[in-house]
Amino acid sequence: MWAAFKSRDANGNGNPNDEIPYSDRNNGNSIFNSTYGAFGIGSLGNTQFGNYIDLGDDNRIRLFAITDNFRQQLEWLNKLYNNGYLDPEMFTQDIPTFTAKGEQDLIGSFFANGSPEIIGAKNMDDFITAPPPKGPSGKAVFNNTGPTFSIGSFVISRQNKFPAETMRWVDYYYGYEGTLLIWLGEEGVSYVKNSDGSLSITDLIRNNPNGLNQPQSIGQYAIGWAGGGCPTFATEEMERARLNPIVFDSYEVIKPYIGLKAMPILSFTTEEQDQLNPLISDIVTYIDESKVQFVTGRRPLSQWDAYVRDLKNMGADRYVALYQASWDRYSGK
């Protein structure tokens, strides 16, 4: 598919060399995250992708970035990169650059994660959802999803002189009206209630006169679009109003392939967190940098053993042990 897209002037502009089979708006992380399952990694879901933690076949925590599975994924991505199927700028480009390429009809595929508008409104409707690829085992598995709830959306500092009032304010957002405000914004401006009781975003949001895409335009009224976690409870009614219908169609495509133990972010004792912080800083940064180097060929995969030794020397075993202790508490062991 990617070979045909690259070689046959898929956008029909007369230039057979400007097509980009796959591009990424998330510094290249999306192609890793969306194909972990194909290589038998990422079984705890995307809340742990950034920490490179999952469960091994023995049902114990492991650092999957030092497994043969991860190496196989790197080899596959390196082959795609060498064949010209991956955007060489995707590890450094910002979202506006990605969207501009989409508006020019240069991109053949991308990972949306609920925001297909990010490719640009001009060509957004030309894309459909594809099932995840099959890995070396011959199975197609999708692990880039998470639990239906998360933790850590709100804290009160010790300097706050009005904690009770602050909690009442936050509690408002867990109610129906507060959730509407967070995700849909201002009634009559960014959304309306229809006669049948359903909700719809307005034309101001859907066809913004200033050329903003839907997340950008609704983000001017609904604070949930600013990024980060929100203390709120979202209903399907609101989700169907604010999200593009393709999101729900995509879920039906992906649903049969989901096979993971999705979980919230793990918590640690103060002592554990003090030990974990420097380990995360060293280990995660090193993996983040190395995986891009391996894929682009700036570091040959013949240095894999040296890479694993480096992580061991950085304290990978202790890193895993700290996550194992937290996982044991979470799972009631």
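From a predicted model like this one, the values you see are computed outputs, not experimental measurements.
- Arg25 is not listed as a side-chain neighbour of Thr99, based on a closest heavy-atom distance of 4.5 Å or more.
- Going from atom OH of Tyr174 over to atom CD1 of Ile182 covers 8.5 Å, rounded to the nearest 0.5 Å.
- Contact check for Phe110 versus Lys101: no side-chain heavy atoms found under the 4.5 Å cut-off.
- Looking only at side-chain heavy atoms (C-beta outward), Ser30 and Tyr22 come within less than 4.5 Å of each other.
- Ile66 and Leu77 fall within a single hydrophobic cluster, where Ile, Leu, Val, Met, Phe, Trp and Tyr are joined by side-chain heavy atoms under 4.5 Å apart, directly or via other members.
- Between Phe49 and Phe32 there is no side-chain heavy-atom pair separated by less than 4.5 Å.
- The minimum heavy-atom distance linking Val141 with Asn143 is given by the pair CG1-OD1, 3.5 Å.
- The distance between the ring centers of Tyr172 and Trp169 does not fall below 6.0 angstrom.
- Put simply, the side chain of Ile53 reaches to within 4.5 Å of the side chain of Tyr319, judged on heavy atoms.
- Using a 4.5 Å cut-off between side-chain heavy atoms of Ile, Leu, Val, Met, Phe, Trp and Tyr, with links allowed through other members, Val253 and Tyr251 fall into different hydrophobic clusters.
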**Report entry** Phe248 vs Arg240, side chain to side chain contact (heavy atoms under 4.5 Å, CB included): CA-CA, chis, key distance, verdict
**Finding:** CA-CA 8 Å; Phe248 299 93; Arg240 288 193 175 276; 3.5 Å; yes

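- When atom types are taken as modelled, the side chain of Asn78 and the backbone of Leu74 share no donor-acceptor pair closer than 3.5 angstrom.
- The backbone N or O of Ile61 lies less than 3.5 Å from a partner atom in the side chain of Gln324, making a donor-acceptor pair.
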Requested in this report: For side-chain hydrogen bond (donor to acceptor under 3.5 Å, both in side chains), just list the numbers for Asn13 and Asp18, CA-CA rounded to whole Å, side-chain angles, deciding distance to a tenth of an Å, and then say yes or no.
Outcome: CA-CA 9 Å; Asn13 67 353; Asp18 64 353; 2.5 Å; yes

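- Summarising the geometry of Pro21 relative to Ser109, their closest heavy-atom pair is O-OG, 2.7 Å, with the distance given to 0.1 Å.
- The distance from the CZ atom of Phe91 to the NZ atom of Lys291 is 8.5 Å, given to the nearest 0.5 Å.
- Here Met90 contributes atom CE and Asn26 contributes atom CG; the two are 10.5 Å apart, rounded to the nearest 0.5 Å.
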Query raised in the report: Taking it one step at a time, do Asn11 and Glu19 satisfy side chain to side chain contact (heavy atoms under 4.5 Å, CB included)?
Result: CA-CA 7 Å; Asn11 58 17; Glu19 282 78 10; 2.7 Å; yes

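- Shortest non-hydrogen contact noted between Gly138 and Lys134 is O-CD, 3.4 Å.
- Between Leu204 and Pro209, the closest heavy-atom pair is CD1-CD, 3.8 Å.
- With ring centers used as reference points, Phe5 lies 6.0 Å or more from Trp2.
- Ile20 and Ile119 fall into different hydrophobic clusters, where Ile, Leu, Val, Met, Phe, Trp and Tyr side chains are chained together by heavy-atom contacts under 4.5 Å.
- Taking 4.5 Å as the limit, some side-chain heavy atom of Leu63 sits within range of a side-chain heavy atom of Ile287.
- Note on Leu212 and Val189: separate hydrophobic clusters, where clusters join Ile, Leu, Val, Met, Phe, Trp and Tyr whose side-chain heavy atoms are under 4.5 Å apart, directly or indirectly.
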Requested in this report: Before giving the answer on ring-ring contact (aromatic ring centres under 6.0 Å, His included), spell out for Phe64 and Tyr36 the whole-Å C-alpha distance, their side-chain angles and the decisive distance to 0.1 Å.
Outcome: CA-CA 10 Å; Phe64 68 72; Tyr36 279 150; 4.9 Å; yes

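- For Glu177, the CD atom counts as loosely surrounded, since its 6.0 Å shell holds 12 or fewer non-hydrogen atoms of other residues, nucleotides or ligands.
- You'll find the ring centres of Phe294 and Tyr307 inside the 6.0 Å limit.
- From Asp105, atom CG reaches atom CG of Asn123 across 4.5 Å, with rounding to the nearest 0.5 Å.
- At least one side-chain heavy atom of Leu180 sits less than 4.5 Å from a side-chain heavy atom of Leu199.
- Here the shortest heavy-atom pairing between Tyr85 and Ala3 reads OH-CB, 3.2 Å.
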Requested in this report: Would you check, one step at a time, whether the test side-chain hydrogen bond (donor to acceptor under 3.5 Å, both in side chains) holds for Asp68 with Gln72?
Outcome: CA-CA 6 Å; Asp68 288 339; Gln72 289 175 355; over 6 Å; no

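- Enclosure of atom CG in Asp57 is not indicated, since only 12 or fewer non-hydrogen atoms of other residues, nucleotides or ligands lie within 6.0 angstrom.
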Query raised in the report: When you look at Asn29 and Asn33, which way does the side-chain hydrogen bond (donor to acceptor under 3.5 Å, both in side chains) test go after all the steps?
Result: CA-CA 6 Å; Asn29 288 314; Asn33 298 350; 5.7 Å; no

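- Ion pairing of Lys79 with Glu75 is absent here, as no side-chain N (NZ or NE/NH1/NH2) approaches a carboxylate O to less than 4.0 Å.
- In this structure, Trp183 is not a member of the same hydrophobic cluster as Val192, with clusters built from ILVMFWY side-chain heavy atoms closer than 4.5 Å.
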Report task. Step by step, work out the side chain to side chain contact (heavy atoms under 4.5 Å, CB included) result for Phe98 and Asp87. Result -> CA-CA 10 Å; Phe98 170 85; Asp87 186 348; 6.0 Å; no

Requested in this report: For Asn69 and Gln73, run side-chain hydrogen bond (donor to acceptor under 3.5 Å, both in side chains): C-alpha distance rounded to whole Å, both residues' side-chain angles, the deciding distance at 0.1 Å, then the answer.
Outcome: CA-CA 6 Å; Asn69 307 66; Gln73 186 189 37; over 6 Å; no

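- In this structure, Asp54 CG and Trp327 CH2 are separated by 10.5 Å, a value rounded to the nearest 0.5 Å.
- No side-chain heavy atom of Val320 sits less than 4.5 Å from a side-chain heavy atom of Arg62.
- When all heavy atoms of Ser198 and Asp196 are compared, the pair lying nearest together is OG-OD1, 2.6 Å.
- No side-chain donor from either of Asn160 and Ser157 sits under 3.5 Å from a side-chain acceptor of the other.
- No donor-acceptor pair under 3.5 Å is formed between the side chain of Ser281 and the backbone N or O of Asn277.
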Query raised in the report: Going through the checks in order, is the side chain to side chain contact (heavy atoms under 4.5 Å, CB included) test met by Thr269 and Arg329?
Result: CA-CA 11 Å; Thr269 67; Arg329 288 194 298 270; 4.2 Å; yes

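- Interatomic distance, CD1 of Ile283 versus NZ of Lys312, reported as 10.0 Å (0.5 Å rounding).
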